[in-house]
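Below: the structure, in structure tokens.
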Amino acid sequence: MARDRSRGKGEFSALGIVLLVLVAFPIGIFGYQAWRAASAGVKIVEIVARAPEQGGFSPDRLTLRAGETVRLRISSPDVVHGLTIPGLGVNVDEIYPGKVVEVDVTPDEPGRYAFACTRWCGLDHWRMRGVIEVTDLTPRPPSLRGKGVSIPPPLVGEGAGGEVLPGAAGEIPLYQQLGIDLDAMRHAAQVTPGARPSIAAGAALNAKLPQALTDSAQRRTLALADAFQTLRDDPTNAALSDADVWSLVAWAWLKDVPPTALARAETLYARDCAACHGPDGKGKGPAGLDLPGLTKMDPTLPKGPRDFTDAGGMLAASDVLLQGKLLRGGMGTGMPEFGSLYSDEELWAMIAYLRTFLFKP
Ligand code: HEC
Ligand SMILES: [Cu+2]
């Protein structure tokens, strides 16, 4: 009896130590962190980044108030993740397992801001996204700001459902304005260049381009194969070879794209696209091999990510069409949307960059 009791006591104190380690110690640390931040007048939001198969970001929807500074404390229990919130200027390249990254943000403008993981952390990495709703509450009077007074719980936005976020520009996308059906069947271009057209060779021809090709708004609506045909049929180009005319097309499309824009797109491509479309653009990236897709329903459809070096397919598409697909994604093929992550400039820069898989400098 007595022995039993003493054993019970021993277990009890062992349990106490375990509890102390498991509960009190973390509470002490986190409590300290919370206290430290609270004393600085900053509200803390914990974001746990887990591999998408384990749930992705948690929370993946949060609500902040315009004008209020919060400290995001981002951690990962499994593999290395990244975090970008383009609309709020947040870019964390590496969230190492077991380490906490802190970022302070003060959203100024009410609105909805997409965030996403930037490291290929698993097959479903591209699904690892979330959204921050910034509500427009009258800012607290300056006298109370930054003093760590109690903050009302965040409002849950009315539109917190799963609807598509507007593009960064917040406007109606061009493909919709022009009534372009992104899902329509597209026929391969009838005419394609024999070799890679060269932008420099096109420039050297000193040809005069028609307005439809100099005006970017018009040019973007044209399939490149049609532009080729227009230039080919123009008597002033009669002396040019087909290869020359293709070089004119390459020049017309890329001459006004600043190198900085292409460089930015190259970085984004490596981060967001290469895993599926391949570093060489041929559509053979490891993450693109086994996507769900339309091919399961209709085996005659091309399988997997688009090959950007395939002239027949790429030259039949206008920039607006490609931009629409990039904006909206979906298509039942595993192509993600980037409309909520890329600015308008980044979208157009990316489309120009995709053209460089066919056109050489
Ligand atoms: C998870 C894999 C995946 C990722 C990541 C991905 N794509 Fe795709 N993408 C696809 C698949 C699959 C298709 C084929 C669907 C189609 O062509 O309609 C596609 C199609 C496209 C198309 C349409 C091509 C056409 O001719 O109609 C464009 C443009 C495109 N991707 C650009 C990009 C860009 C740019 C990125 C990176 C910012 C990207 N994709 C990231 C899988 C991916
Ligand atoms: Cu990831």
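These values consider heavy atoms only, across backbone and side chains, with no hydrogens, waters or symmetry-generated copies. Numbering of ligands and ligand atoms starts at 1, following listing order.
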Among [options], which one puts a heavy atom closest to [atom]?
atom                    : options                        : value
atom 40 (N) of ligand 1 : His277, Glu346, Arg127         : His277
atom 21 (C) of ligand 1 : Met350, Met335, Glu337         : Met335
atom 37 (C) of ligand 1 : Ala265, Ala274, Cys273, Ala317 : Cys273

State the atoms of ligand 1, each with its element, that fall below the 4.0 Å cut-off from a heavy-atom position in [X].
X      : value
Gly304 : 12 (C), 14 (C)
Cys276 : 1 (C), 2 (C), 3 (C), 4 (C), 5 (C), 43 (C)
Arg186 : 25 (C), 26 (O), 27 (O)
Trp120 : 5 (C)
Trp126 : 1 (C)

(request) Answer yes if Val90 and Leu64 sit in the same cluster of Ile, Leu, Val, Met, Phe, Trp and Tyr residues linked by side chain heavy atoms under 4.5 Å apart, and no otherwise. (result) yes
(request) Flag yes if Tyr113 and Val103 sit in one hydrophobic cluster, no otherwise; membership is Ile, Leu, Val, Met, Phe, Trp, Tyr, and two members link when side-chain heavy atoms are under 4.5 Å apart. (result)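 Hydrophobic grouping puts Tyr113 with Val103.
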Would you give the length of the straight line joining atom [atom1] of [X] to atom [atom2] of [Y], rounded to the nearest 0.5 angstrom?
X      : Y      : atom1 : atom2 : result
Leu222 : Gln229 : CG    : CD    : 13.0 Å
Asp93  : Arg271 : CG    : CZ    : 8.5 Å
Leu254 : Tyr353 : CG    : OH    : 12.0 Å
Phe115 : Ile47  : CZ    : CD1   : 5.0 Å

Determine whether any heavy atom of [X] lies closer than 4.0 Å to an atom of ligand 1.
X      : answer
Gln323 : no
Leu268 : no
Gly334 : yes

(message) Check Arg73 with Glu46, please: is the shortest side-chain N to carboxylate O separation under 4.0 Å?
(response)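 Counted as a salt bridge, because a side-chain N and a carboxylate O are separated by less than 4.0 Å.
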I want to know if ligand 1 touches [X] in the polar sense, i.e. an N/O pair below 3.5 angstrom.
X      : value
Arg306 : yes
Tyr342 : no
Lys325 : yes

(message) Check the orientation of Phe338 and Tyr342. Use parallel for under 30°, tilted for 30 to 60°, and perpendicular for over 60°.
(response) tilted
(request) May I have the step-by-step check of salt bridge (charged side-chain N to carboxylate O under 4.0 Å, His left out) for Arg61 and Glu133, ending in yes or no? (result) CA-CA 7 Å; Arg61 295 192 157 260; Glu133 177 112 24; 5.4 Å; no
(message) Checking contacts here: is it the side chain or the backbone of Phe308 that comes within 4.0 Å of ligand 1, counting heavy atoms only? Could be both or neither.
(response)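 Side chain only; the backbone of Phe308 stays clear of ligand 1.
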Could you pull out all donor-acceptor pairs under 3.5 Å where a side-chain atom in residues 201-211 meets a protein atom, sequence neighbours excluded?
none

(request) Would you indicate whether the side-chain heavy atoms of Leu341 and Arg129 approach each other to under 4.5 Å? (result)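 Result yes, sub-4.5 Å side-chain heavy-atom pair found.
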(request) Answer yes or no: is there a side-chain heavy-atom contact under 4.5 Å between Phe357 and Met314? (result) no
(message) Evaluate Trp246 against Leu240 for side-chain contact (heavy atoms from CB on, under 4.5 Å), listing each step before the verdict.
(response) CA-CA 10 Å; Trp246 276 117; Leu240 302 181; over 6 Å; no
(request) Would you list the protein N, O or S atoms within less than 2.8 Å of the Cu ion (ligand 2), leaving out water? (result)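 You should have found Cys117 SG, Arg119 O, Cys121 SG, His125 ND1.
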